[in-house]
Structure formats: C-alpha cells, structure tokens
Amino acid sequence: MASAVFFLVGLLATVTCAHAYGGGGWVNARATFYGGGDASGTMGGACGYGNLYSQGYGTNTAALSTALFNNGLGCGSCYEIRCVNDPKWCLPGSIVVTATNFCPPNNALPNNAGGWCNPPQHHFDLSQPVFQHIAQYKAGVVPVSYRRVPCSRRGGIRFTINGHSYFNLVLITNVGAAGDVHSVSVKGSRTGWQPMSRNWGQNWQSNSYLNGQALSFKVTTSDGRTVVSYNAAPARWSFGQTFSGAQFR
C-alpha cells in the first residue's frame with residue numbers, strides 16, 4: 001500500500017534531555033563499497049528502511065560490521081568518515097553517512113583479506129557513490145578514520161505503521177541527533193503509555209489493539225534523550241501510512 005506522509009498542524013512536542021549527544025574522537029577502521037554506481041543495490045537492508053531515496057537517506061549510507069551494528073541498535077546512527085594513510089588511493093575531505101544496513105562477517109576469509117566485517121573489526125561497507133568521495137574506485141578497500149556525529153534531518157521523525165490489528169509494526173525513520181533509536185513507547189487516545197519491543201532493525205512492535213485511536217510516540221535514542229510526538233497519527237490512521245512527528249533539536 002502506498003504510504004502518505006501527514007504533516008499535522010499544531011503537533012505538540014516535548015523533549016527531555018538526559019544528557020547532550022556528543023561524538024567522541026577519531027577511530028581507525030576500513031571501508032569498502034557495494035550497491036553499484038547508482039547505489040540501487042543498497043536499497044532495503046537489515047535496518048528495514050526500504051527505499052533509501054524516498055526515506056531521505058539518499059546515497060550517503062553504510063552497512064556496518066558486527067562490532068558497530070549492535071544487533072540493529074546501531075541503525076540510524078551517523079558517522080563522519082575520512083580516508084587516511086593511503087596517499088595512492090585516498091581523496092581529501094570527509095563524508096557523513098547514516099547506518100542503514102548490516103555487513104555480515106565472512107569467517108572463511110581472514111580479517112585482513114576479505115573478511116573485512118568479521119568481529120571485532122570496525123568496518124564500513126559504503127554505497128559506491130559516497131565511497132568515491134573519499135577514495136578512488138580502484139582501491140576497493142581503504143583505511144579510514146571515523147567518529148560519531150549528530151544526524152541532521154529535515155522535518156520530523158517518521159512513523160510508518162504496518163502490520164494488522166493486534167500486531168502494530170512501526171518503522172521509525174528520519175531521526176535526528178544521535179539517530180539510533182533504543183526504546184519506543186506508544187500511547188493510544190484510550191490507553192496509557194505502553195513500551196514497544198524491537199522486532200528487527202528499526203521496526204518496533206506493539207500487540208495492543210490501537211485501531212481507531214490517535215497515536216502518540218515516545219522515542220529515546222542511545223544518548224538518553226527522549227522526544228514525544230503527541231497525536232502523531234490521527235484516529236483515522238490506516239496500516240501502510242506514514243506520519244510525521246516531533247524531532248530532536
């Protein structure tokens with residue numbers, strides 16, 4: 001079913017800060033690329049975001065190795081990456097990417113010769129277009145340094161409601177600041193706040209009957225900050241629709 005994004009006028013938002021998000025220092029890693037010159041092969045992925053173009057992530061995306069993916073909790077986090085210590089292949093400057101996929105390990109190959117995403121390696125499998133901003137295509141794999149940075153997003157957090165009655169599967173996208181959602185609660189207009197469980201990637205599940213109720217969402221990211229989107233979905237919502245809420249600032 002085609003998704004329609006509803007921007008609700010007069011949306012009330014409450015933001016609670018446990019502590020401010022801040023990136024750390026630069027960390028050494030490696031980077032490769034995948035997905036083809038148009039990045040079409042990066043669509044979908046283990047975070048559940050689907051079409052990365054329509055979701056607003058574009059080609060500035062990366063699949064994370066096991067050490068960074070954190071069983072899907074790393075989805076939505078943002079990283080600044082630069083190519084280092086390889087003057088033959090590195091290009092100047094840096095890129096900022098969003099984690100949208102998982103780079104699986106290949107235990108049949110050594111960590112330094114094909115098993116780039118094996119634990120405990122820190123590795124980014126970048127979309128080809130963004131890789132070519134920091135390194136030449138022929139390099140294949142390059143040493144990089146990276147750091148966590150706040151995610152810059154346009155508009156509010158998006159909630160795509162899938163599933164069916166008693167199985168509400170909500171995909172959460174376009175999350176600013178830390179970007180990686182670690183807990184979610186939902187409140188119907190006839191219920192109290194109820195915690196949701198993470199099903200996979202950034203798909204969050206509630207088994208309550210929420211049909212015909214306006215829905216509010218409470219989203220907490222890895223830095224402990226919380227934003228509440230009151231009545232993000234009106235009582236007339238239907239499965240397959242996408243709604244816009246508040247945003248981290």
Is it true that the NZ or CZ of Arg30 lies under 6.0 Å from the centre of Phe124's six-membered ring and within 45 degrees of the ring axis?
->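 Geometry flag: not set, cation outside 6.0 Å or 45°.
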Gap between atom [atom2] of [Y] and atom [atom1] of [X] - 0.5 Å precision:
X	Y	atom1	atom2	result
Lys218	Tyr230	NZ	OH	7.0 Å
Leu64	His123	CG	NE2	10.0 Å
Asn101	Asp125	CG	CG	8.5 Å
Cys47	Ile172	SG	CD1	13.0 Å
Trp200	Leu169	CH2	CG	8.5 Å
Tyr49	Ser54	OH	OG	13.0 Å

Could you verify whether a donor N or O on one side chain and an acceptor N or O on the other, from [X] and [Y], lie under 3.5 Å apart?
X	Y	answer
Thr221	Asp180	no
Ser208	Gln194	yes
Gln132	Gln136	no
Thr32	Tyr34	no

Side-chain contact test, heavy atoms from C-beta onward, threshold under 4.5 Å: evaluate it for [X] versus [Y] and give yes or no.
X	Y	result
Asn168	Leu210	yes
Tyr166	His164	no
Phe248	Arg153	no
Asn174	Gln55	no
Val144	Ile134	yes
Trp193	Val186	no

| request: Could you check Phe159 against Phe217 for ring pair (Phe, Tyr, Trp, His ring centres under 6.0 Å), going step by step and ending with a plain yes or no? | output: CA-CA 9 Å; Phe159 305 92; Phe217 296 95; 4.3 Å; yes
- With the 4.5 Å side-chain cut-off for hydrophobic clustering, are Val184 and Ile161 part of the same group?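 Per the 4.5 Å side-chain linkage, Val184 and Ile161 are co-clustered.
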Subject >> Parallel, tilted or perpendicular, as decided by the 30° and 60° cut-offs, for the rings of Trp237 and Phe239 >> reply: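 Plane angle over 60°, so perpendicular.
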Give the C-alpha distance, both sets of side-chain angles, the deciding distance and a yes or no for side chain to side chain donor-acceptor pair (under 3.5 Å) between Gln205 and Asn207. CA-CA 7 Å; Gln205 175 182 337; Asn207 293 331; 3.0 Å; yes
Backbone N/O of [Y] and side chain of [X]: donor-acceptor pair under 3.5 Å:
X	Y	value
Ser65	Gln121	yes
Ser229	Ser216	no
Thr66	Pro119	no
Gln247	Gly155	yes
Asn118	Leu109	yes

Side chains of residues 85-96: which donor-acceptor partners sit under 3.5 Å, not counting sequence neighbours?
unit_1	atom_1	unit_2	atom_2	d
Ser94	OG	Glu80	OE2	2.7

(Q) Arg158 vs Ser244, test: side chain to side chain donor-acceptor pair (under 3.5 Å). Steps then yes/no. (A) CA-CA 5 Å; Arg158 297 195 196 101; Ser244 182; 5.7 Å; no
*Could you tell me if the ring centre of Tyr146 sits under 6.0 Å from that of Tyr79?*
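Yes, close enough.
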Next on the checklist: Check for me whether the distance between the ring centres of Tyr137 and Phe33 falls short of 6.0 Å.
Outcome noted: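 Between Tyr137 and Phe33, the centre distance is under 6.0 Å.
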